[in-house]
Participant: 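This is the structure, below, for whatever I ask next.
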Amino acid sequence: MHQATPAATKKTPRNFRGVFFCACLLLGLAATPATTLADCVLGEADEVVALQKVVDGDTLRLTDGRRVRLIGVNTPELARGKHRAQPLAEESREFVQRFLARGDLELVYDRDRYDNHGRVLAHVYNHRGDSLESALLAAGLAFHIAVAPNVALAECLSSREDEARLRQRGVWQPGVWPTIQAAEVRAGDGGFVLLTGTVKKVHKNRYIWLDLDGPVALRVDPRGAPRMSRRNDWNGRRLMVRGWLVDRGADYVRKNPGHKRWFLAVDSAQTVDLLRD
């Protein structure tokens with residue numbers, strides 16, 4: 001877990017806002033420090049493949065037809081149907097196109113090789129051996145995520161995100177990305193969020209459940225976040241967490257009184273920040 005200051009959780013409107021960036025900011029996003037690119041390496045390449053298309057910042061299509069979902073990052077969503085593009089979605093895709101140009105890709109697998117959509121899950125490196133996930137995070141064009149059991153590089157990738165936050169790059173620039181308060185979650189909310197809340201209650205079964213203010217609970221997997229499971233001082237702690245907010249529905253709450261309607265899975269302590277008062 002990280003320690004963070006309240007400034008990192010400055011509230012922004014729930015709806016995404018268009019943000020105009022000066023030329024110097026765009027140049028800053030395009031250039032990632034060379035010292036961050038060749039790190040976060042899990043091992044030798046399992047496959048060398050050819051790229052057909054960059055679908056979005058975290059999804060690629062290969063020339064053999066397979067789709068690859070990057071491990072450890074989530075990038076802003078492009079516009080789809082009635083949904084507007086999230087901040088920096090186009091910049092994220094363009095960054096990946098430039099980063100992967102002029103050469104084949106290297107794929108390195110973690111423990112699970114496929115997601116529920118049949119996409120290949122992999123750590124991706126360009127023809128120079130530079131980590132795409134590390135570069136996206138250092139540029140502030142992605143959020144670090146950790147989904148068990150593919151958490152082998154969580155600590156390294158989290159450190160790249162810390163660098164972007166410290167320098168307020170990309171999504172971490174003030175006013176760019178909205179933060180949702182747990183107490184304000186309501187019907188219709190869900191998907192990937194940056195969420196803050198205060199722990200009001202702790203209970204345990206297979207998981208550690210941290211009930212936040214409002215209708216949200218964090219489901220902590222002790223296998224991926226052992227340090228969190230050993231803490232006994234959660235009550236009253238203010239947290240910031242990033243991940244997918246799941247709505248279990250009004251019927252679930254009626255059938256399970258005392259349970260929270262929404263939950264967010266925490267598979268690694270690297271995706272949770274303890275906020276200072």
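Along the sequence shown, residues are numbered consecutively beginning with 1.
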Participant: How long is the gap from CZ on Arg93 to CG on Asp56, to the nearest 0.5 Å?
Facilitator: 7.5 Å
Participant: Is there side-chain contact between Leu88 and Glu94, with at least one heavy-atom pair below 4.5 Å?
Facilitator: no
Participant: Does anything in residues 139-160 form a ring-ring contact (aromatic ring centres under 6.0 Å, His included)? List the pairs, not counting sequence neighbours.
Facilitator: Phe143-Trp172, Phe143-Trp177, Phe143-Phe192
Participant: Could you tell me which non-hydrogen atom of Tyr109 sits nearest to which non-hydrogen atom of Leu42, and how far apart they are?
Facilitator: O-CD2, 3.5 Å
Participant: Atom CG of Leu60 and atom CG of Leu132: how far apart are they, to the nearest 0.5 Å?
Facilitator: 7.0 Å
Participant: Please report the interatomic distance CZ(Arg169) to CD(Glu163), rounded to the nearest 0.5 Å.
Facilitator: 4.5 Å
Participant: Kindly indicate whether the side chain of Arg113, heavy atoms from C-beta on, has any atom under 4.5 Å from the side chain of Asn150.
Facilitator: no
Participant: Looking at CG of Leu218 and CH2 of Trp234, how far apart are the two atoms once the value is rounded to the nearest 0.5 Å?
Facilitator: 8.5 Å
Participant: Do Thr196 and Gln181 meet the criterion of a side-chain donor-acceptor pair at a distance under 3.5 Å?
Facilitator: yes
Participant: Could you name each residue pair satisfying disulfide (SG to SG under 2.5 Å) that touches residues 134-251, not counting sequence neighbours?
Facilitator: Cys40-Cys156
Participant: Apply side-chain contact (heavy atoms from CB on, under 4.5 Å) to residues Glu106 and Glu47 and explain how you reach the verdict.
Facilitator: CA-CA 6 Å; Glu106 296 180 359; Glu47 282 193 76; over 6 Å; no
Participant: If we only count heavy atoms from C-beta on, is the Ile180 to Val185 side-chain gap below 4.5 Å?
Facilitator: yes
Participant: Between Asp58 and Arg119, is there a salt bridge with N-O shorter than 4.0 Å?
Facilitator: no
Participant: Do you know which two heavy atoms are closest between Glu77 and Ala89, and how far apart they sit?
Facilitator: O-CB, 3.2 Å
Participant: Tell me, do Val124 and Leu107 make a side-chain contact under 4.5 Å, heavy atoms counted?
Facilitator: yes
Participant: Any heavy-atom pair between the side chains of Asp211 and His203 that's under 4.5 Å?
Facilitator: yes
Participant: Quick one, Val120 and Tyr114 - any side-chain contact, counting heavy atoms below 4.5 Å?
Facilitator: yes
Participant: How far apart are the closest heavy atoms of Phe99 and Ser131, and which atoms are they?
Facilitator: CZ-O, 3.6 Å
Participant: At their closest point, which heavy atom of Trp262 faces which heavy atom of Leu245, and how far apart are they?
Facilitator: CD1-CG, 3.6 Å
Participant: Report yes or no: do Arg261 and Asn256 form a side-chain donor-acceptor pair below 3.5 Å?
Facilitator: no
Participant: Are any of the side-chain heavy atoms of Thr198 and Arg237 separated by less than 4.5 Å?
Facilitator: no
Participant: Can you check whether Asp112's main-chain N or O pairs, donor with acceptor, with Asp110's side chain at less than 3.5 Å?
Facilitator: no
Participant: Looking at every non-hydrogen atom in both residues, tell me the closest pair between Ser134 and Asp39 and how far apart they are.
Facilitator: OG-OD1, 2.9 Å
Participant: Checking side-chain contact (heavy atoms from CB on, under 4.5 Å) for the pair Leu264/Val193: CA distance, chi angles, key distance, verdict?
Facilitator: CA-CA 9 Å; Leu264 194 152; Val193 297; 3.9 Å; yes
Participant: Look at Arg206 together with Asp221 and state whether they make a salt bridge at an N to O cut-off of under 4.0 Å.
Facilitator: no
Participant: Between Leu51 and Lys53, which heavy-atom pair has the shortest distance, and what is it?
Facilitator: CD1-O, 3.4 Å
Participant: Are Asp267 and Arg223 within salt-bridge range, i.e. N to O under 4.0 Å?
Facilitator: no
Participant: Using the side-chain contact (heavy atoms from CB on, under 4.5 Å) rule, take Val272 and Met240 through it: C-alpha gap first, then chi angles, then the decisive distance, then the call.
Facilitator: CA-CA 6 Å; Val272 178; Met240 179 174 70; over 6 Å; no
Participant: Any heavy-atom pair between the side chains of Val73 and Glu161 that's under 4.5 Å?
Facilitator: no
Participant: Which residues pass the salt bridge (charged side-chain N to carboxylate O under 4.0 Å, His left out) test with Asp64, sequence neighbours left out?
Facilitator: Arg66
Participant: Test side-chain contact (heavy atoms from CB on, under 4.5 Å) on Val220 and Leu210 and set out the steps.
Facilitator: CA-CA 8 Å; Val220 180; Leu210 305 180; 4.1 Å; yes
Participant: If we count only N and O atoms by modelled type, under 3.5 Å, do the side chains of Ser159 and Asp162 hold a donor and an acceptor together?
Facilitator: no
Participant: Check whether Lys260 reaches the backbone of Gly214 with its side chain - one donor and one acceptor, N or O, closer than 3.5 Å.
Facilitator: yes
